[in-house]
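The figures that follow rest on heavy atoms only: side chains count, while hydrogens, waters and symmetry mates do not.
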Amino acid sequence: MAVLVQNGLRRAIDSGHLKTALPQTIEIERPREKSHGDWASNIAMILAKEARQPPRAVAETIIENLDKPDYLAEVEIAGPGFINFRLSSKWLSDSLAQICELGDAYGRSKVENPQKIQIEFVSANPVGPMHVGHGRWAAVGDSLARLLKAVGHQVESEFYINDWGNQMRIFGASVAARYREILGEALELPEDGYQGHYITDIAQEIVDADGDKYLRLKPEDQAEEFSKRAYKQVLEHIKKTLTEMDVSFDSWFSESSLHESGKLGESLEFLDQKDLTYRSEGALWLKTVDFGDDKDRVLMRANGQTTYFAADIAYHKEKVERGFDKLINIWGADHHGYVKRVQAAMTAMGAGDNRLEIIIGQLVNLFSGGKAVRMSKRTGEMVTLDELLTDVGRDASRYYFLMRGTDTPLDFDIELAKSQTSENPVYYVQYAHARICSILRHAADQKLTPIGKKANFSLLAHESEMALMRELADAPSIIARAAAARAPHRLTKYSQDIAAAFHQFYHQCRVVSDDEDLSFARLTLVDATRQVIKNVLWLIGVSAPQKM
RNA sequence: GCGCCUGUAGCUCAGUUGGAUAGAGUGCCGGACUACGAAUCCGGAGGUCGAAGGUUCGAAUCCUUUCAGGCGCACCA
């Protein structure tokens with residue numbers, strides 16, 4: 001379409017009717033208002049000043065020089081100088097035929113510059129069960145990965161396991177304290193210890209398996225032993241929960257492996273050789289200020305221990321070495337203060353300014369019957385993702401997590417989700433899919449099945465049929481834009497738009513009727529709708545049921 | 001004090017990167033099943049896009065100021 005306008009424009013300029021330069025880009029957009037056609041261009045208004053002509057006159061000149069291909073039904077000037085294009089029914093028929101032909105692949109596309117992208121998300125600390133907030137990043141990250149693949153990128157998802165440092169020690173000590181309590185000793189929880197009930201559960205499992213075998217060890221050695229053992233258990237649990245959510249990771253990367261393999265030391269040395277570090281007050285610092293941070297950051301403490309930041313640098317260096325063009329990290333808003341220093345470190349390492357893309361997602365606020373639920377891992381006062389999945393279900397949870405943009409906080413009311421699940425739009429969309437399957441079953445009873453491209457699409461001329469076909473034809477561009485904007489939540493909106501267009505069509509047009517040709521055409525349209533709903537729901541990670 | 005995010009219908013939120021009369025859902029009022037699923041559809045009421053300036057043909061969108069809310073400002077991870 002843009003090319004069409006460009007050609008017309010060039011002709012207008014070449015012939016001297018328009019005194020202006022050919023613009024770099026010509027914007028073509030879909031008007032909000034249906035009466036404004038299928039596509040519209042604002043180019044005349046942009047050029048009006050330079051051409052020293054009123055916008056409408058410019059538009060007229062452009063239209064006079066325009067080709068008229070058969071997919072175009074009408075071109076008109078509207079409002080202050082918009083050029084509106086109305087597509088012919090042939091164009092809609094063609095896109096319908098394309099859906100039939102491509103099936104599950106419909107909606108996918110090929111970006112101009114396919115990249116090798118790594119997307120890292122969730123990365124929950126393996127010291128307890130995942131909470132509801134993790135669920136949001138699991139849903140968003142997994143859908144984004146699917147979305148990026150759908151537009152032709154090579155995508156690898158990764159879970160970073162923070163299995164090193166203070167928290168692991170405290171975790172082990174907490175389990176050890178509960179272990180001793182079960183075996184009759186007085187409870188002495190470590191400072192800042194974890195208090196969730198699952199800690200006791202883990203301790204109980206150890207008692208059940210090995211009895212009081214560890215009781216003779218010193219408390220520090222118990223903690224050491226248990227942190228390794230318990231963390232594996234917790235990690236398995238995390239994996240299981242993610243599987244239940246239908247979220248899968250291509251790789252699991254362990255923080256402690258950076259320490260053990262020496263990669264951490266190597267990256268410190270690397271920075272040192274580039275003269276980016278210095279010693280002060282007994283600690284080793286990185287000159288992050290030189291790269292946009294507010295202050296320099298400590299890599300190694302005065303006590304000789306490296307910081308989490310140092311490990312993260314090694315981690316990101318390793319990622320770059322693995323050859324990704326783009327690294328996407330999804331972090332909760334409580335980590336946004338950390339963005340600058342990691343970006344600074346990336347720049348310092350010479351990884352390129354745009355290599356790392358950090359998506360900061362606002363947090364999930366949990367409510368129960370309108371009252372805020374306080375969550376704390378330390379005190380164990382929390383609602384786990386498992387509980388949520390059991391209560392609300394996978395489909396509703398994933399859809400709900402995805403309905404809002406990531407930079408808006410998500411209020412999740414458990415009671416509302418439990419008691420009024422029919423209000424959740426996911427059912428509206430799934431119902432449309434189930435209804436279609438029902439229609440297809442009914443048609444099969446009448447010995448009718450959709451016949452794909454061979455159907456006579458010119459019979460689909462009703463207003464609601466055209467609207468539905470237009471909606472379906474949008475899929476590739478909606479998906480492409482959602483991927484580019486890293487905005488999987490747009491898919492939920494789109495899925496509702498398709499369902500709405502279908503339900504409207506359903507109420508106005510009878511699909512299976514005495515008119516066999518019309519029935520074939522409408523069955524094909526209905527089947528194409530089913531296909532598109534299914535494809536979009538798959539990107540969201542929600543099932544498309546045949547019955548409900 | 002500094003930084004990031006957010007203020008849009010009674011409520012929960014979209015708004016396709018600056019377009020035309022700002023849209024959904026929910027709630028409220030009123031309608032539609034003797035044919036393919038009423039978990040559906042149709043109609044109505046409901047707005048100073050937090051506020052004030054600015055940029056331009058044109059602003060919810062960009063800039064400045066300001067008010068309100070959330071989050072963050074470690075030799076924790």
Base, sugar-phosphate, or nothing for [X], non-hydrogen atoms under 4.0 angstrom?
X        : result
A:His503 : sugar-phosphate
A:Ala333 : sugar-phosphate
A:Asn42  : base
A:Ala78  : base
A:Asp293 : nothing
A:His489 : sugar-phosphate
A:Gln446 : nothing

Take the protein atom [atom1] of [X] and the nucleotide atom [atom2] of [N], then report the distance between them rounded to whole Å.
X        : N     : atom1 : atom2 : answer
A:Leu491 : B:U16 : CG    : P     : 15 Å
A:Lys295 : B:G72 : NZ    : C1'   : 13 Å
A:Asp474 : B:A14 : CG    : C1'   : 16 Å
A:Asn365 : B:U12 : CG    : P     : 12 Å
A:Tyr278 : B:C75 : OH    : C1'   : 12 Å
A:Trp331 : B:A77 : CH2   : C1'   : 12 Å
A:Asp312 : B:A77 : CG    : C1'   : 10 Å
A:His335 : B:G3  : NE2   : C1'   : 17 Å

Using the 3.5 Å cut-off, write out each protein N or O paired with an N or O of nucleotides 42-45 of chain B and the distance between them.
from, atom 1, to, atom 2, distance (Å)
B:C42, OP1, A:Gln504, NE2, 3.3

Original post:
With no hydrogens and no angle check, do the side chains of A:Asn329 and A:Tyr160 hold a donor and an acceptor under 3.5 Å apart?
Top reply: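 Absent: no donor and acceptor within the cut-off.
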Original post:
For residues A:Gln167 and A:Asn125, is any side-chain donor paired with an opposing acceptor at under 3.5 Å?
Top reply: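 Yes, side-chain donor-acceptor contact under 3.5 Å.
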Does a salt bridge link [X] with [Y], judged by any charged N lying under 4.0 Å from a carboxylate O?
X        : Y        : answer
A:Lys287 : A:Asp290 : no
A:Arg441 : A:Asp445 : no
A:Arg56  : A:Glu60  : no

List the residues meeting side-chain contact (heavy atoms from CB on, under 4.5 Å) with [X], not counting sequence neighbours, and say none if there are none.
X        : answer
A:Asn84  : A:His36, A:Ala40, A:Glu76, A:Ala78, A:Phe82
A:Asp407 : none
A:Lys326 : A:Gln115, A:Ile117, A:Ile328, A:Asn354, A:Glu357, A:Arg486

**OP:** Output yes when at least one side-chain N/O atom of A:Tyr428 is less than 4.0 Å from OP1 or OP2 of B:C41, else no.
**Re:**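 Yes, because at least one side-chain N or O of A:Tyr428 sits under 4.0 Å from OP1 or OP2 of B:C41.
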Say we look at [N] and [M]: how far apart would their [atom1] atoms be, to the nearest angstrom?
N     : M     : atom1 : result
B:G27 : B:A45 : C1'   : 12 Å
B:C57 : B:U65 : C1'   : 27 Å
B:U8  : B:G69 : C1'   : 16 Å
B:A20 : B:C73 : C1'   : 45 Å
B:G46 : B:U66 : P     : 37 Å
B:A59 : B:G1  : C1'   : 33 Å
B:A9  : B:U26 : C1'   : 11 Å
B:A60 : B:G18 : P     : 13 Å

Determine whether a donor-acceptor pair (N or O, by modelled atom type, separation under 3.5 Å) exists between the side chain of [X] and the backbone of [Y].
X        : Y        : answer
A:His259 : A:Glu255 : yes
A:Glu281 : A:Ala302 : no
A:Trp331 : A:Ile359 : no

Original post:
Under a 90° cut-off about 0 for the syn range, is B:U17 syn or anti?
Top reply: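 Base orientation: syn.
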Subject >> Syn/anti label of B:C33 as read from its glycosidic torsion, with the cut at 90° from 0 >> reply: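 Here the answer is syn: the torsion falls within 90° of 0.
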Original post:
Reading RNA chain B 5' to 3', how would its secondary structure be written in dot-bracket notation, given Watson-Crick and G-U pairs with both distances under 3.5 Å, brackets [ ] for crossing pairs and | for partners on other strands?
Top reply: (((((((..((((.....[...)))).(((((.......))))).....(((((..]....))))))))))))....
Original post:
Is there a donor and acceptor pair, one atom on the side chain of A:Asn84 and one on the base of B:A20, closer than 3.5 Å?
Top reply: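 Check passes, donor-acceptor contact within cut-off.
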Subject >> Nearest to side-chain heavy atoms of A:Asn125, which nucleotide of B:C75, B:A77, B:C71 >> reply: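 Between B:C75, B:A77, B:C71, the one nearest the side chain of A:Asn125 would be B:A77.
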Subject >> Contacting residues from residues 401-410 of chain A, given that a heavy atom lies under 4.0 angstrom of RNA chain B >> reply: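 When residues 401-410 of chain A is checked for heavy atoms under 4.0 Å from RNA chain B, the hits, listed by number, are A:Arg404, A:Gly405, A:Asp407, A:Thr408, A:Pro409.
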Subject >> Sub-4.0 Å heavy-atom contacts from residues 478-488 of chain A onto RNA chain B, ordered by number >> reply: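 Of all residues in residues 478-488 of chain A, the ones placing a heavy atom under 4.0 Å from RNA chain B are A:Arg481, A:Ala485.
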Subject >> Listed partners of A:Arg522 passing salt bridge (charged side-chain N to carboxylate O under 4.0 Å, His left out), at least two apart >> reply: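 Per chain and number, A:Arg522 pairs via salt bridge (charged side-chain N to carboxylate O under 4.0 Å, His left out) with A:Glu465.
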Original post:
Measuring from A:Asp515:CG to A:Arg510:CZ, what's the distance to the nearest 0.5 Å?
Top reply: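 Those atoms lie 12.5 Å apart.
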**OP:** Mind running ring-ring contact (aromatic ring centres under 6.0 Å, His included) on A:Tyr400 and A:Phe412 for me, showing each step along the way?
**Re:** CA-CA 9 Å; A:Tyr400 202 101; A:Phe412 203 118; 4.6 Å; yes
Original post:
With sequence neighbours left out, what residues match A:Tyr231 under ring-ring contact (aromatic ring centres under 6.0 Å, His included)?
Top reply: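 Expected list: none.
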**OP:** Check A:Ile238 against A:Gly128 and note the closest heavy-atom contact, atom names and distance.
**Re:**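 Closest pair (atom of A:Ile238, atom of A:Gly128, distance): CD1-O, 4.2 Å.
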Subject >> Verdict with supporting geometry, A:Asp293 and A:Arg297, salt bridge (charged side-chain N to carboxylate O under 4.0 Å, His left out) >> reply: CA-CA 9 Å; A:Asp293 199 2; A:Arg297 306 289 174 174; 2.9 Å; yes
Original post:
Sequence neighbours excluded, which residues qualify as side-chain hydrogen bond (donor to acceptor under 3.5 Å, both in side chains) partners of A:Tyr338?
Top reply: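 A:Tyr338: side-chain hydrogen bond (donor to acceptor under 3.5 Å, both in side chains) contacts with A:Asp312.
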**OP:** Can you sort out the partners of A:Ser256 under side-chain hydrogen bond (donor to acceptor under 3.5 Å, both in side chains), two or more places apart, ordered by chain and number?
**Re:**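 Residues passing side-chain hydrogen bond (donor to acceptor under 3.5 Å, both in side chains) with A:Ser256: A:Asp163, A:Ser254.
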Original post:
If each of A:Tyr400 and A:Asp294 is mapped to the nucleotide of RNA chain B with the nearest heavy atom, which maps nearer the 5' terminus, i.e. the 5' end?
Top reply: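 Its nucleotide being nearer the 5' end, the pick is A:Asp294.
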**OP:** Determine, for nucleotides 31-38 of chain B in 5'-to-3' order, which nucleotides have protein heavy atoms under 4.0 Å from the base (write B), from only the sugar-phosphate (write S), or from neither (write -).
**Re:** ----BBBS
